[in-house]
Amino acid sequence: MADRRATFSDILATGKSVENIEIVGQVPGAPGEEHTWLASYYPTRTNDGYIDGLALIVTEITDRKRTETRLAASEQRFRSLFENMLEGFAYCEAIYGPAGNLVDWVYLEVNNSFDRLTGLTGVKGRRVSEILPDLLIDNPEVFDIYGSVAMTGKPADFETWVPSLKKWLSISVFSPAKDHFVAVFEDITERKRNEAAMEESEERYRGIFDHANEGIVRTTFEGKLITLNRRFAEIMGYASPERLINEIGNFKGLYFNLGDRGELVRGLRELGTISDHELRLKKRDGSTIWTSINISTTTNPETGEKFLDGLVVDISRRKAAEDKLRKSHHNLEESLLGLVSTLALTVETRDPYTAEHQRRVTELAVAIANEAKFSANDIASLRMAATIHDVGKIFVPAETLNKPGKVSAIEFELIKTHAAAGYNIIKDVKFDEPIAEIVHQHHERMDGSGYPDGLKGDEIHARARIVAIADVVEAMSSHRPYRPALGTKAALAEIEQNSGTLYDPTYAAICLKLFRKKHFEFK
């Protein structure tokens, strides 16, 4: 009310009207929400010009004020969003040249991110030609796209390198009104660098993939071919990876024996990888090759789908060489066996007792080794050594070997030389196993009382310890020119009594078990 009195006083003093004064209050007699009125005061005059009163015109504007308040709040919110959005925003008015093409534009409004992303400030109200004078030369496509959007209203999205800003920008542009456009953009320079680095990496990988000396292949767990390199196609006899995939489609079609696949898949599910697995595959022309394959499992992180990645090497030449070497080795073994047979026959022609002795010693020695779970290779070498363990007796005079009755001390010393003589005969033969050492040591004893070197315990080769036991048992069980047979019981008693002293206790126990529980007999 005081304000209105002041207004009245002003009007009376000046004689001027006061218009559009907002009055806020409650409706008399109806307290509640505040209302707003718009009041205008006009002086009234007498005929001689004196102010004699005031005319008041009042209009309620409560709804309008409420709407304005809401609009102001909404504008504030959108202004906040506009200024704080991460993307740059530019509202522009197009400027066309004589030919009707866009040649320039004026920045009508920009947000804070525009300044941050471009590094440009104070652009509002200015032309782009003032701010970036080289843009039309460097980026004519930007003018073409902006001009088309401003004229047609059809929005567009594109990416472009802006040399003047030294940035890659991703831009979305639309037209809110004819000859006007809005560009919303983001800086994608880092993404582009990463993409370029990734493309370079992929290019390097592709070069390695395409030119690798090994075959590379990826399949699903079901065998569907996903990708493969040129080398793998060549290995399998196909002109290109595409042709192999089109003709086969599934790795199953490459197996020589499809049963091999089950073994591979089981191994992969358990271990996740398989290394140096030899696999026979079938080429396009129907021939087969041997390959060495390394397989690992990989998982697509987005879909969870599992793949098998294989590195395949053609080892057909190596397998052929191994086969040739195996045959050569077999032939060599045959030759060595022939040599052994010849040596045994040489002894037999001079001393039939020795020949039969060697055969029977071999029989018992092999039986002991089998019971002791020796490997097949160790048993084979034991068999060979036992067959010729007395070969050195060819240097002992026949009359001494076949002499009836007791031999003299000098004659016994001569006979004892056969172990060393046998070693000297075969020491230079290239056996894979220590055949010569077994022959040399078959008369050594655990306590060092044997000959020719007086070796003890583990100094004596294990197979020589077996031959020693078999040699004693057979010799005592059989007839000799210088004495009658003592019998198997006496022989076993000798082994049992001197087990651990003269003879290896483990093999001695096995020998006794063979005769007493398994009823071993010399054939």
Side-chain angles (χ1 to χ4, degrees), residues 329-330 332-348 351-393 418-419 422-423 425-426 429 431-446 450 458 460-478 485 487-492 494-496 498-499 502-523:
H329 186 74
H330 176 74
L332 179 59
E333 285 185 339
E334 291 292 323
S335 298
L336 289 174
L337 288 173
L339 173 62
V340 169
S341 298
T342 300
L343 290 172
L345 182 61
T346 301
V347 175
E348 183 178 353
D351 179 15
Y353 291 103
T354 298
E356 183 64 15
H357 167 71
Q358 290 188 136
R359 184 191 65 75
R360 287 155 63 92
V361 167
T362 300
E363 184 182 347
L364 178 55
V366 168
I368 293 173
N370 275 317
E371 194 71 19
K373 307 299 183 185
F374 275 37
S375 69
N377 189 62
D378 285 348
I379 291 174
S381 64
L382 175 63
R383 183 188 301 276
M384 188 179 295
T387 301
I388 57 171
H389 75 277
D390 278 343
V391 68
K393 287 183 178 180
H418 79 279
Y423 172 77
I425 290 171
I426 62 174
V429 179
F431 292 108
D432 289 339
E433 297 290 331
I435 306 298
E437 287 78 0
I438 297 171
V439 169
H440 195 213
Q441 297 173 7
H442 77 277
H443 276 291
E444 300 288 357
R445 296 295 180 255
M446 298 294 287
D458 290 340
I460 308 168
H461 199 286
R463 278 164 276 180
R465 284 179 257 156
I466 292 176
V467 174
I469 293 172
D471 182 57
V472 169
V473 173
E474 198 289 325
M476 292 181 67
S477 302
S478 303
T488 302
K489 286 185 178 182
L492 296 180
E494 162 68 17
I495 299 300
E496 187 172 31
N498 292 292
S499 174
L502 303 181
Y503 313 113
D504 184 292
T506 300
Y507 304 133
I510 292 175
C511 178
L512 296 172
K513 177 183 175 182
L514 285 171
F515 280 94
R516 292 173 176 173
K517 293 185 178 181
K518 295 198 173 184
H519 310 293
F520 176 87
E521 292 182 355
F522 290 112
K523 296 178 182 178

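Numbering starts at 1 and runs along the sequence shown. All values below were derived from every heavy atom in this structure, side-chain atoms included, with hydrogens, water molecules and symmetry-related copies excluded. Since we're looking at a predicted model, the values are computed, not measured.
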- Note on the structure: Sorted by chain and number, sequence neighbours left out, ring-ring contact (aromatic ring centres under 6.0 Å, His included) with His443 holds for His418, Tyr451
- Task: Taking only Lys NZ, Arg NE, NH1 and NH2, and the carboxylate oxygens of Asp or Glu, determine whether Glu363 and Lys523 approach each other closer than 4.0 Å.
- Result: no
- Task: Keeping the roles fixed (side chain from Asn498, backbone from Glu494), state whether a donor-acceptor pair exists under 3.5 Å.
- Result: yes
- Given side-chain contact (heavy atoms from CB on, under 4.5 Å), test Val366 with Ile466 step by step and report yes or no. CA-CA 9 Å; Val366 168; Ile466 292 176; over 6 Å; no
- Task: Please report the shortest heavy-atom distance between Ser477 and Ala491, naming the atom on each side.
- Result: OG-CB, 3.8 Å
- Side chains of His357 and His389: is there a donor and an acceptor less than 3.5 Å apart? yes
- Message: Check Arg383 with Asp378, please: is the shortest side-chain N to carboxylate O separation under 4.0 Å?
- Response: no
- Could you tell me whether the side chain of Glu371 reaches within less than 4.5 Å of the side chain of Cys511, counting heavy atoms only? no
- Are side-chain heavy atoms of Phe515 and Glu521 found at a separation under 4.5 Å? no
- Under 3.5 Å: donor-acceptor pair, side chain of Asp390, backbone of Lys393: no
- Task: Report the C-alpha distance between Glu474 and Arg359 in whole Å, list the side-chain angles of each, state the deciding distance to 0.1 Å, and finish with yes or no for salt bridge (Lys or Arg N to Asp or Glu O under 4.0 Å).
- Result: CA-CA 10 Å; Glu474 198 289 325; Arg359 184 191 65 75; over 6 Å; no
- Message: Strictly distance-based, threshold 3.5 Å: is any side-chain N or O of Thr362 a donor or acceptor partner for the main-chain N or O of Thr387?
- Response: yes
- salt bridge (Lys or Arg N to Asp or Glu O under 4.0 Å) pairs touching residues 435-444, sequence neighbours excluded, are none
- Task: Mind running side-chain contact (heavy atoms from CB on, under 4.5 Å) on Thr488 and Phe522 for me, showing each step along the way?
- Result: CA-CA 10 Å; Thr488 302; Phe522 290 112; 5.5 Å; no
- Would a distance-only check, ignoring hydrogens and angles, find a side-chain to backbone donor-acceptor pair under 3.5 Å from Gln441 to Ala464? no
- Message: Suppose we screen for ring-ring contact (aromatic ring centres under 6.0 Å, His included). Which residues come up paired with His440, at least two apart in sequence or across chains?
- Response: Tyr423
- Between the side chain of Arg465 and the main-chain N/O of Tyr503, is any donor-acceptor distance below 3.5 Å? no
